[in-house]
Number of protein chains: 2
Amino acid sequence: MANKGCIIRLSRYRNALLRLKALNFVKVFSENLADSARVTAVQVRKDFSLFGISGNRRGGYLIEELIAKISAILGKDEVQRFVIVGIGNIGQALLHYPGFKKSEIEIVAGFDIDQNKHNRQAAVPILPLEELGNFVEKNKIRFGIISVPDSAAQETLQLMLQAGIKGILNFAPICLKEPQNCVVRNLSLETELENIIYFTVLAEKEETGK
Amino acid sequence: MANKGCIIRLSRYRNALLRLKALNFVKVFSENLADSARVTAVQVRKDFSLFGISGNRRGGYLIEELIAKISAILGKDEVQRFVIVGIGNIGQALLHYPGFKKSEIEIVAGFDIDQNKHNRQAAVPILPLEELGNFVEKNKIRFGIISVPDSAAQETLQLMLQAGIKGILNFAPICLKEPQNCVVRNLSLETELENIIYFTVLAEKEETGK
DNA sequence: AATAAATTGTGATAAATTTCACATTAAACA
DNA sequence: TGTTTAATGTGAAATTTATCACAATTTATT
Ligand SMILES: NC(=O)c1ccc[n+]([C@@H]2O[C@H](COP(=O)([O-])OP(=O)(O)OC[C@H]3O[C@@H](n4cnc5c(N)ncnc54)[C@H](O)[C@@H]3O)[C@@H](O)[C@H]2O)c1
Ligand SMILES: NC(=O)c1ccc[n+]([C@@H]2O[C@H](COP(=O)([O-])OP(=O)(O)OC[C@H]3O[C@@H](n4cnc5c(N)ncnc54)[C@H](O)[C@@H]3O)[C@@H](O)[C@H]2O)c1
C-alpha cells in the first residue's frame, strides 16, 4: 500500500501544513503542497489516495484535518522518544536541537563511553553507556540514534538491539545490517555530498559539451 | 544511463573498497560488496554494467582498479571544496569533521552573520557572510552547505546562487526549489526520523495483529 | 586436455513508482 | 436553478528500477 517515497513526502506535506496553520490559513490545494514539497499536484493527490485521505472536490483540503490525518499515519499522535549513543559533534548538535519538538520527537537522553561527557543534571542527561539497557527498558524507549565513530557502530547497534530499541538512525559512514525486528536507516553525510557532486558534474557536462 | 539509487550505491561500494584496501585485500567479489552495501550481488554487477565497469569472470574485481573507476565516476579525481553557511550546531560539527578527507571532500570556509562566530585565523576560517561572493569567486568554489535556520534558508540559497555555487546540501527543514543551473538536495533530519518511526510502527503492526 | 565449478555480464522480465487522462464533484456565477 | 469552472480522485499507461535467468568466461581439477 504505502511506498517509501510516499512517507517522506507525507512528512514534507505535514511540515508545510504546520507552517500554513501557523499563518492562520485554513484551506490548501494539492498544488500548494506540491510546490512546498517540490513534486507534482497529482503526486500529492495520489499519495493521499493511497492512504484514503480525501478532501473537498472543489475546495481543496482543510489544513487542520489534513494535519490530523497525516500525523496519525506518521505515528505523531504521541511524542516519540529517542536516545542518542555517541555525544560527539553530531550527537551534541542533535541533543540540543529545539526544532524536533514541533515534529513530536523528543531526545530524552544521551549515552557515551567518555566520562567527561557524562552529566546527569542536564535537561537531557548524558549517561554512561552501561546504563543504556536499563534506561531504555525502564522508560520504554523504542528509538535510537547512533553517532559514534564508525569502528564502534556495529557494537552500538548490538547494544541497542539488546536493550529493545526498534528503530535506529545511523550516522556512522558504514552500512549497518538491518536485523530482524528492528528498522535501521543508514545516513551517510559523505554519501549525500558525493551524490551532489556527481549530479552537479553531470549537469555541467550536459550543459556544455553534451 | 545512471539512476539515482545507483550513485548512492557506488558511493557505498567505494567506501567498502577503501576499507578493504586499508586491510591489504587485493580482490573482491560482487557478493562482498553486496554485503557491505546491503544490496544483492546482481545489483552490484548491474550497477557496474551501467557504467561499463568490468571485472574478471572468475576472479572478481581488483580493488585498486575498482576504486579508481568509481572515483572517476563520482568526480573524486580531484578534491571537491565546500563552503558552509550557518556555523551553529550542525555547521560546527561538519566544519570540524576530519572524516571528509578520505572522501576527497574538503570544507574550506564557514560563513555566518553572527560576528562572534568569525575567526579568520582558524584552520578553516569563519568569515562574515558579506565575503561569501568574493571568496567563492576567488577560490572557484562550486559546492555549498546550508545550515542556517529555516527562515534564512531561501535567502542563503539566493546568495549562493549569485556567488556561483553549483551544488548544495540543505539541512534546513524546508524544501528549497532546485533552480536552473544548480543541484539542491534537501536533507531534513526530522523527516529521516519520521520515516524511521513510520516503518518501525508498521513493522510492529505487521508482526502482531497483521 | 577435457571437465567441472565459480563468477561475471546482461537481455529479458517483473516490480515499483510516477504520470496521464478523465470521470466526478463542489462551488461560483449567471 | 441551470451552467460553467476549478478542483479532487483514481484506474490505466508509462517510466523507472530491481530481479531473474542464463550465456560467457576464467580458474581449478582430474
Ligand atoms: N561530524 C560530522 O560532521 C560527521 C559527518 C559525517 C559523518 N559523521 C559520522 O558520525 C559519527 C559521529 O561523528 P562525530 O563527529 O560526532 O564524532 P565524535 O568523534 O565527535 O564523537 C563520537 C562520540 O562517540 C563516543 N564514543 C566512542 N565510542 C563509543 C562507544 N562504543 N559507545 C558510546 N560512545 C562512544 C565518543 O566518546 C565521542 O563522544 C561518526 O561515525 C562520523 O563518522 C560525522
Ligand atoms: N541541530 C540539529 O540537530 C538539527 C536537526 C535538524 C535540522 N536542523 C536544521 O539545520 C539548520 C541548522 O541548525 P543548527 O542547530 O545548526 O542551528 P543554529 O541555530 O545552532 O545555527 C544557525 C547558525 O546560522 C547563523 N545564521 C542565521 N541566519 C543566518 C544568515 N542569514 N546567514 C548566515 N548565517 C546565519 C546563526 O548565526 C547561527 O550561527 C536549521 O535549519 C535547523 O532547522 C538542525
Side-chain angles (χ1 to χ4, degrees), chain A residues 1-13 16-17 20 25-67 69-70 73 175 178 191 195 198-199 202 206, chain B residues 1-13 16-17 20 25-67 69-70 73 175 178 191 195 198-199 202 206:
Chain A
M1 179 193 193
N3 116 13
K4 187 129 178 293
C6 176
I7 302 302
I8 288 174
R9 289 191 298 270
L10 284 184
S11 204
R12 289 184 172 169
Y13 304 151
L17 288 165
L20 290 172
F25 283 94
V26 173
K27 289 203 265 182
V28 69
F29 298 127
S30 57
E31 182 115 9
N32 305 136
L33 291 172
D35 288 344
S36 79
R38 308 301 159 195
V39 295
T40 66
V42 184
Q43 176 83 269
V44 173
R45 298 200 299 275
K46 189 73 173 185
D47 286 342
F48 289 173
S49 171
L50 289 172
F51 283 101
I53 293 176
S54 62
N56 177 316
R57 288 228 182 198
R58 176 68 192 278
Y61 305 83
L62 288 175
I63 291 175
E64 288 265 14
E65 221 175 80
L66 207 44
I67 291 175
K69 285 175 179 167
I70 296 178
I73 292 165
C175 238
E178 183 147 297
T191 299
N195 207 36
Y198 175 82
F199 285 104
L202 183 70
E206 275 170 6
Chain B
M1 177 194 196
N3 115 15
K4 188 131 176 292
C6 175
I7 301 304
I8 288 174
R9 290 191 298 269
L10 284 184
S11 205
R12 289 184 173 168
Y13 304 150
L17 289 165
L20 290 172
F25 283 94
V26 172
K27 288 204 264 181
V28 69
F29 297 128
S30 56
E31 182 115 8
N32 306 136
L33 291 172
D35 288 344
S36 80
R38 307 301 158 194
V39 295
T40 67
V42 184
Q43 177 86 79
V44 173
R45 297 200 301 274
K46 188 73 172 186
D47 287 342
F48 288 173
S49 170
L50 288 171
F51 283 101
I53 294 177
S54 62
N56 177 316
R57 288 224 183 197
R58 175 70 193 275
Y61 304 84
L62 289 175
I63 291 175
E64 289 265 14
E65 219 175 81
L66 207 44
I67 291 175
K69 284 175 180 169
I70 296 179
I73 293 166
C175 236
E178 183 148 296
T191 298
N195 207 38
Y198 175 82
F199 285 104
L202 183 70
E206 275 170 6

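Not measured: the values here are computed from a predicted model. A, B, ... follow the sequence lines: proteins, then strands. Residue 1 opens every chain.
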Within the modelled atom types, does a donor on one side and an acceptor on the other bring the side chain of B:R57 and the base of D:dA24 under 3.5 Å apart?
yes

B:K69 NZ - C:dG9 C1' separation (whole Å)
13 Å

D:dT27 phosphate, OP1 or OP2, under 4.0 Å from B:N56 side-chain N/O
yes

With respect to the phosphate group of D:dA18, does any side-chain polar atom (N or O) of B:N3 fall under 4.0 Å of OP1 or OP2?
yes

Which residue, A:G59 or A:V42, contacts DNA chain D at a nucleotide closer to its 5' end, judged by nearest heavy atom?
A:G59

Around atom CD of A:E178, are there more than 12 heavy atoms from other residues, nucleotides or ligands closer than 6.0 Å?
yes

Check A:D47, A:D35, A:V44 against A:S30 for a side chain to side chain contact (heavy atoms under 4.5 Å, CB included) and give me the one that passes.
A:V44

Whole-Å distance between D:dT16 P and B:D47 CG?
17 Å

Given atom NZ of B:K46 and atom P of C:dA14, what is their separation to the nearest angstrom?
15 Å

How close or far is atom C1' of C:dG9 from atom CG of B:L66, stated in whole angstroms?
14 Å

Of the listed nucleotides D:dA6, D:dT8, C:dT10, the one nearest the side chain of A:S30:
D:dT8

What nucleotide among C:dT8, D:dA18, C:dA26 has an atom nearest to a side-chain atom of B:R45?
C:dT8

B:L50 CG to D:dT17 C1', straight-line distance once rounded to whole Å
10 Å

Would a 4.5 Å heavy-atom cut-off, applied to side chains only, mark B:I63 and B:K27 as touching?
no

Roughly how many Å is it from CG in A:L62 to P in D:dT8, rounded to a whole number?
12 Å

Side-chain heavy atoms of B:N32 within contact of B:F25, under 4.5 Å
no

Which nucleotide, D:dT19, C:dT18, C:dT8, lies nearest any side-chain atom of A:Q43?
C:dT18

Pick base, sugar-phosphate or nothing for A:F48, based on heavy-atom distances below 4.0 Å to the nucleic acid.
nothing

Has the side chain of A:R58 got a donor or acceptor that lies under 3.5 Å from a partner of the other kind on the base of D:dT5?
yes

From the candidates C:dT17, D:dT8, D:dT27, the one with an atom nearest any side-chain atom of A:K4 is C:dT17

Distance, rounded to the nearest Å, where B:E31 contributes CD and C:dG9 contributes P:
15 Å

Are any of A:S49's side-chain N or O atoms less than 4.0 Å away from OP1 or OP2 of D:dG9?
no

dist B:I70:CD1 -> B:L10:CG (nearest 0.5 Å) comes out at 5.5 Å

Do the side-chain N or O atoms of B:Y61 get closer than 4.0 angstrom to the phosphate oxygens (OP1, OP2) of D:dT26?
no

Here the distance between atom P of C:dT8 and atom CD of B:E65, to the nearest Å, is 14 Å

